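Below is one structure; the comments refer to it alone.
All values derive from a computational prediction rather than experimental measurement.
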Amino acid sequence: MTTHEETTPIVVGVEHTDAGRLAVVWAADQAARRGLSLRLVHALDWPGGADRDPEVNPHRQTWSGRFRDAGVRALDEARDLVTTRHPGLTTDAVLADGAPVTGLREHTRDAAMVVLGSRRLPTATELLTTGGIAVPITAHARCPVVVVREPEHTSAEPPTIVVAVDGARRSEPAVAYAFDEAARRGATIVAVNVRQLSGGLLAGLRMREEMQEGRLGLAETLAGWTEKYPTVPVHREVAVGHPVEVLREAAEHALCLVVGTRGRGGFTGLLLGSVSQGLIHHARCPLVVVPTPPDETSDDHD
């Protein structure tokens with residue numbers, strides 16, 4: 001029986017940058033690994049006041065034509081990169097009018113996953129420029145979104161996939177993705193539960209209880225998945241600290257870091273959880289953000 005994922009493409013945002021090319025390579029490798037097609041999308045982010053379809057002014061016709069040609073060249077270069085790496089991969093290219101968020105969001109509806117490059121900009125700058133599209137795309141997408149800021153670490157032995165497990169129901173889709181990916185790649189799962197404690201004497205007294213709760217949460221969440229994937233090695237970690245810092249360090253040499261987040265649309269969906277948002281800006285390997293269906297979310301923090 002053919003599943004929905006098996007008939008949907010992996011969508012990757014194409015930028016004429018090193019980060020954009022890194023994302024295209026990652027997406028092409030993933031599509032080849034999963035037997036999926038690849039869709040290359042480049043958004044024509046027209047400057048304010050630009051005439052997209054000039055009819056009278058020859059100067060505007062020339063500028064608009066060159067702007068479109070640059071977008072076509074970016075797609076052609078991306079397609080050549082994919083063809084060289086995976087000659088048999090089914091690939092199509094889309095030149096979308098409009099801002100990158102709008103253009104890419106249109107293609108997340110039927111995507112198996114969406115892959116984005118991410119340039120190293122200061123957080124405030126990235127959020128206020130068209131380069132900062134990862135947060136709004138991730139907040140609205142109904143499929144996994146992969147933010148490729150750094151290459152995956154393929155030389156580490158054993159190869160690892162780090163997944164954040166908080167014991168809540170919303171961890172389940174992220175854990176499912178992590179085990180599936182680990183099985184495909186012969187990798188070890190590193191499941192991390194992060195405990196946050198305030199300072200003072202009370203924190204010290206509660207440490208043992210918190211660590212025990214973390215271990216129980218990991219055991220309960222992973223039990224069914226270790227049975228389903230008996231050949232996938234699993235390493236469990238309970239750590240104390242800020243989740244962004246702990247997870248970033250845990251995944252420093254990983255193939256990818258997988259986290260869950262609320263799967264809500266509309267205005268509330270823009271309020272992407274602080275942990276997911278922090279990792280978009282600071283993860284040291286590809287970050288996979290897996291949404292949870294709205295009826296399965298019960299907590300207010302990510």
Side-chain angles (χ1 to χ4, degrees), residues 1-14 20-41 75 78-94 104-118 134 137-138 141-154 156 158-163 172-190 225 228-234 251 254-261 263 283 285-293:
M1 180 177 179
T2 301
T3 65
H4 175 68
E5 180 176 306
E6 290 171 345
T7 61
T8 56
I10 289 178
V11 173
V12 57
V14 173
R21 285 184 282 272
L22 187 62
V24 168
V25 168
W26 195 95
D29 289 349
Q30 192 69 235
R33 191 176 296 122
R34 292 174 175 263
L36 300 175
S37 62
L38 182 67
R39 179 173 299 159
L40 308 167
V41 179
L75 287 172
R79 195 197 296 270
D80 290 343
L81 183 61
V82 172
T83 301
T84 299
R85 194 171 182 90
H86 298 288
L89 188 64
T90 300
T91 307
D92 69 306
V94 177
L104 278 166
R105 190 182 294 162
E106 288 296 314
H107 295 279
T108 65
R109 297 171 183 172
D110 67 340
M113 71 178 65
V114 176
V115 183
L116 307 170
S118 180
I137 290 292
T138 303
R142 298 182 179 180
C143 63
V145 176
V146 186
V147 181
V148 185
R149 182 184 292 272
E150 301 277 359
E152 59 186 20
H153 302 286
T154 56
T160 59
I161 290 173
V162 177
V163 59
E172 291 286 342
V175 172
Y177 179 97
F179 270 88
D180 177 73
E181 186 75 1
R184 292 173 186 273
R185 307 194 64 177
T188 294
I189 290 284
V190 178
W225 297 104
K228 184 175 181 179
Y229 294 93
T231 62
V232 173
V234 179
L255 294 175
C256 63
L257 168 60
V258 187
V259 298
T261 190
C285 65
L287 173 71
V288 184
V289 183
V290 184
T292 302

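- Heavy-atom minimum distance, His107 versus Val94: NE2-CG1, 3.7 Å.
- When all heavy atoms of Glu150 and Pro286 are compared, the closest pair comes out as O-CD, 3.3 Å.
- Among all heavy-atom pairs drawn from Pro291 and Pro173, the shortest one is O-CB, 3.8 Å.
- Residues Ala31 and Ser37 share a closest heavy-atom pair of CB-O, 4.1 Å.
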Original post:
How far apart are the C-alpha atoms of Val234 and Tyr229, what are their side-chain angles, what is the distance that settles it, and do they pass the side chain to side chain contact (heavy atoms under 4.5 Å, CB included) test?
Top reply: CA-CA 10 Å; Val234 179; Tyr229 294 93; over 6 Å; no
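- For Arg34 and Asp180, the salt-bridge test passes: some basic side-chain N is under 4.0 Å from an acidic carboxylate O.
- Of the residues Leu257, Val146, Val163, the one that meets the side-chain contact (heavy atoms from CB on, under 4.5 Å) test with Val288 is Val146.
- In this structure, CZ in Arg184 is found 7.5 Å from CD in Gln30, a value given to the nearest 0.5 Å.
- In terms of the side-chain contact (heavy atoms from CB on, under 4.5 Å) criterion, Arg142 has no residue partners (sequence neighbours excluded).
- Not counting sequence neighbours, Arg79 has no partner by the salt bridge (charged side-chain N to carboxylate O under 4.0 Å, His left out) test.
- In this structure, the separation between CG on Leu81 and CG on Leu22 is 10.0 Å, given to the nearest 0.5 Å.
- Residues Val258 and Ala174 approach most closely at CG1-O, 3.5 Å, considering heavy atoms.
- With sequence neighbours excluded, no residue forms a ring-ring contact (aromatic ring centres under 6.0 Å, His included) with Tyr177.
- In this structure Ala28 satisfies the side-chain contact (heavy atoms from CB on, under 4.5 Å) test together with Leu38, Val82, His86, Leu89, sequence neighbours excluded.
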Subject >> Derivation and outcome, side chain to side chain contact (heavy atoms under 4.5 Å, CB included), residues Arg149 and Leu287 >> reply: CA-CA 8 Å; Arg149 182 184 292 272; Leu287 173 71; over 6 Å; no
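- One finds the CG atom of Asp29 at 7.5 Å from the CZ atom of Arg185 (value rounded to the nearest 0.5 Å).
- Taking Ala187 as the reference, Pro159, Ile161, Ala182, Leu255 meet the side-chain contact (heavy atoms from CB on, under 4.5 Å) condition, with sequence neighbours excluded.
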**OP:** For side chain to side chain contact (heavy atoms under 4.5 Å, CB included), just list the numbers for Leu116 and Val145, CA-CA rounded to whole Å, side-chain angles, deciding distance to a tenth of an Å, and then say yes or no.
**Re:** CA-CA 8 Å; Leu116 307 170; Val145 176; 4.0 Å; yes
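- Nearest heavy-atom pair, Gly13 versus Leu104, reported as atom, atom and distance to 0.1 Å: CA-CD2, 3.9 Å.
- Between Val148 and Val115, some side-chain heavy-atom pair lies under the 4.5 Å cut-off.
- Considering only residues two or more places apart in sequence or on other chains, Ala78 meets the side-chain contact (heavy atoms from CB on, under 4.5 Å) condition with Val14, Val24, Leu40.
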